[in-house]
Engineer: 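So that we are looking at the same thing, I have put the structure below in structure tokens.
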Amino acid sequence: MSNYYDSQHLKKFADIAEGNQPMADKFFEYYDSVFQEGALSKREKALIALAVAHAIQCPYCIDAYTGGAQQHGADLDQMTEAVHEACAIRGGASLVHGLQMLEHVKKSGM
Amino acid sequence: MRAEINPAPDEEVAGPRKVLSLVRRGSPLARPARQLQILGELQLTQPDGSRAEFDATLAAHGCPQLRPATLEIFQMNLGKLCNMSCRHCHVDAGPDRHDAVMDRTTVDACLAALDRTDAHTVDLTGGAPEMNPHFAYLVDELTARGKHVLDRCNLTILLANGYTHLPEWLAERGVEIVCSLPHYRLRNTDAQRGDGTFKKSIRALGRLNAVGYGQGDPRLKLTLVSNPAGAFLAGDQCSMERKWRRELERLHDISFDALITLNNMPIARYLEWLQQSGNLQEYTETLLCAFNPATIEGLMCRNTISVGWDGQVYDCDFNQMLAIGSEGTAHISVFDAARFADRGIRTARHCYGCTAGAGSSCGGSLAD
């Protein structure tokens with residue numbers, strides 16, 4: 001393995017079925033249904049997916065949902081706001097753990 | 001109400017000029033043959049490894065030869081002269097294209113040919129069709145014939161000197177306005193159509209609303225057209241229409257009747273942009289991979305005749321730009337309706353643009 005990430009893998013995602021077709025079929029059917037227009041629009045779903053992609057730092061997902069958000073009518077300003085949400089929540093998640101630290105210090109310190 | 005000779009709109013009002021036409025720059029891409037060669041040389045393959053050709057793809061889906069349906073739409077390109085010069089323009093239109101404007105003889109030949117068909121709609125396109133000196137004459141002739149007339153309007157022309165009377169003038173004649181607005185926000189609109197375009201477009205839409213367009217009156221229909229500002233497919237038309245309606249009302253107090261989405265075709269300046277930005281291969285692969293057989297029946301080449309500024313006849317606007325003439329009919333002055341209805345429609349690789357995803361046409365998407 002010369003590289004850990006290969007952008008061509010996204011296009012070949014369906015090849016994961018080689019080891020287990022029924023499981024792949026179930027996954028991709030579920031996946032497709034998740035992104036259909038429903039109570040949320042395709043555009044809203046793509047923006048949420050874009051933010052999640054940044055939170056989990058998945059380069060495949062970032063490519064896929066940058067394209068998806070563009071296609072469904074989001075512009076750079078809106079997509080950047082979504083990324084900042086991911087950033088804020090990740091940052092906030094670190095910071096709120098600081099309360100554990102704070103309580104520990106208060107209990108064990110003088 | 002207005003003179004037949006339209007003055008050239010001044011640049012300040014008419015909008016930005018970010019791009020010169022391919023013709024003006026003497027670009028090799030100004031020649032349709034060069035564009036077809038580039039598309040032909042792309043390494044596009046089917047999943048089985050065979051070379052991707054549009055007619056073979058159609059044949060594989062049970063359509064060995066694309067045939068016309070009932071002729072409904074008579075589309076006239078009134079010329080490549082335009083007050084704008086958008087980066088993605090597949091017509092290579094612009095303020096410098098005085099070389100390609102339909103003359104009165106050709107306008108009259110189109111009217112004579114139209115009278116030999118049952119087409120109910122006449123679709124006026126350009127360039128900015130309003131800049132053709134015979135525009136007013138033509139619209140009056142068409143409305144006198146009871147035809148539904150579409151004006152494919154770039155919006156900014158409605159603010160230009162010599163054209164500000166148009167909203168009211170078009171409303172009096174019940175002309176449908178089909179206008180370009182890639183996005184309800186500034187960024188993507190200006191990126192595609194030039195700085196300052198968005199604000200002018202919103203002002204023009206306000207004027208159209210003020211004379212009654214876009215309020216649900218079927219005689220004063222205002223249709224927005226959104227095409228992607230980049231190398232991706234058009235989004236879901238219904239979903240985007242809902243969003244555009246809500247946001248244009250909320251942000252700008254603008255209303256409209258319908259929104260149509262269309263894919264950009266890898267032709268002329270959009271082809272140039274795809275090449276220069278390194279997106280050409282991937283974009284054409286995207287079109288190919290998104291082939292949707294449900295779009296075939298509604299393809300616009302089946303119910304449309306497309307007449308170029310010089311009177312040449314084509315199966316669609318895109319074949320027109322690639323100089324792929326209609327089979328058996330060279331010029332509108334010798335138009336034979338029966339022969340035209342019995343022709344085989346000519347296709348090439350650019351046609352994957354109309355069959356991708358939900359499909360694409362001058363009337364918007366073709367399938368769910």
Side-chain angles (χ1 to χ4, degrees), chain A residues 5-18 21 24-25 28-29 31-51 53-54 58-85, chain B residues 44-45 47 88 181-193 198 224-248 250-251 259-264 277-279 281-283 285-290 356-358 360 364-365 368:
Chain A
Y5 283 118
D6 179 348
S7 61
Q8 292 301 310
H9 286 172
L10 184 58
K11 287 180 191 162
K12 298 176 186 165
F13 194 5
D15 292 356
I16 201 68
E18 192 170 324
Q21 186 74 46
D25 289 346
F28 287 118
E29 190 191 349
Y31 196 102
D32 284 345
S33 65
V34 164
F35 284 94
Q36 292 304 309
E37 184 112 346
L40 295 174
S41 68
K42 287 183 178 177
R43 181 181 157 283
E44 289 163 333
K45 288 183 175 187
L47 283 169
I48 292 169
L50 182 68
H54 282 78
C58 168
Y60 306 108
C61 309
I62 291 172
D63 262 4
Y65 291 102
T66 298
Q70 285 179 309
Q71 185 183 345
H72 294 299
D75 70 5
L76 177 64
D77 303 2
Q78 296 167 328
M79 290 157 67
T80 304
E81 285 185 19
V83 171
H84 275 294
E85 285 194 273
Chain B
L44 293 178
T45 52
H88 72 298
L181 190 73
H183 205 271
Y184 58 83
R185 286 167 42 80
L186 181 147
R187 182 186 288 275
N188 285 7
T189 302
D190 282 8
Q192 182 187 85
R193 303 178 69 74
F198 181 75
L224 304 188
V225 180
S226 169
N227 53 329
F232 47 92
L233 298 183
D236 181 88
Q237 185 166 288
C238 293
S239 178
M240 284 172 63
E241 181 181 281
R242 281 195 293 276
K243 182 69 179 168
W244 259 235
R245 195 180 297 291
R246 208 160 50 232
E247 295 297 308
L248 282 172
R250 181 174 75 88
L251 300 170
L259 178 129
I260 60 178
T261 57
L262 40 96
N263 293 333
N264 291 317
S277 61
N279 282 303
Q281 179 69 31
E282 193 165 340
Y283 182 70
E285 281 174 14
T286 301
L287 296 178
L288 174 64
C289 292
S360 186
S365 68
D368 291 332

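Just so we're on the same page: letters track the sequence lines, and every chain starts at 1.
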Engineer: Please report the shortest heavy-atom distance between B/Ala234 and B/Thr261, naming the atom on each side.
Structural biologist: CB-CB, 3.8 Å

Engineer: Using a cut-off of under 4.5 Å for heavy-atom pairs, which of B/Arg185, B/Met240, B/Lys243 has the most such pairs with chain A?
Structural biologist: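 Top option by heavy-atom pairs under 4.5 Å: B/Arg185.
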
Engineer: Starting from the C-alpha separation in whole Å, work towards a yes-or-no answer on side chain to side chain contact (heavy atoms under 4.5 Å, CB included) for A/Thr66 and B/Phe232.
Structural biologist: CA-CA 10 Å; A/Thr66 298; B/Phe232 47 92; over 6 Å; no

Engineer: Rounded to the nearest 0.5 Å, what separation is found between the CD atom of A/Gln71 and the OG1 atom of B/Thr286?
Structural biologist: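 Nearest 0.5 Å value for the CD-OG1 distance: 9.0 Å.
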
Engineer: At a heavy-atom separation under 4.5 Å, does B/Glu285 approach chain A through its side chain, its backbone, both, or neither?
Structural biologist: side chain

Engineer: For A/Asp25 and A/Gln21, test the side chains for any donor-to-acceptor distance below 3.5 angstrom and give the result as yes or no.
Structural biologist: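 A donor-acceptor contact under 3.5 Å links the two side chains.
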
Engineer: For chain B, find its close neighbours in residues 37-47 of chain A: heavy-atom separation under 4.5 Å, sorted by number, or none.
Structural biologist: A/Glu37, A/Ser41, A/Lys42, A/Arg43

Engineer: To the nearest 0.5 Å, how far apart are CG in A/Leu10 and CD1 in A/Ile62?
Structural biologist: 11.5 Å

Engineer: Could I get the full list of ring pair (Phe, Tyr, Trp, His ring centres under 6.0 Å) partners for A/His54, not counting sequence neighbours?
Structural biologist: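 With sequence neighbours excluded, A/His54 shows a ring pair (Phe, Tyr, Trp, His ring centres under 6.0 Å) to no residue whatsoever.
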
Engineer: Parallel, tilted or perpendicular: which fits the ring planes of A/Phe35 and A/Tyr65, with parallel below 30° and perpendicular above 60°?
Structural biologist: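 Geometry flag for A/Tyr65 against A/Phe35: parallel rings.
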
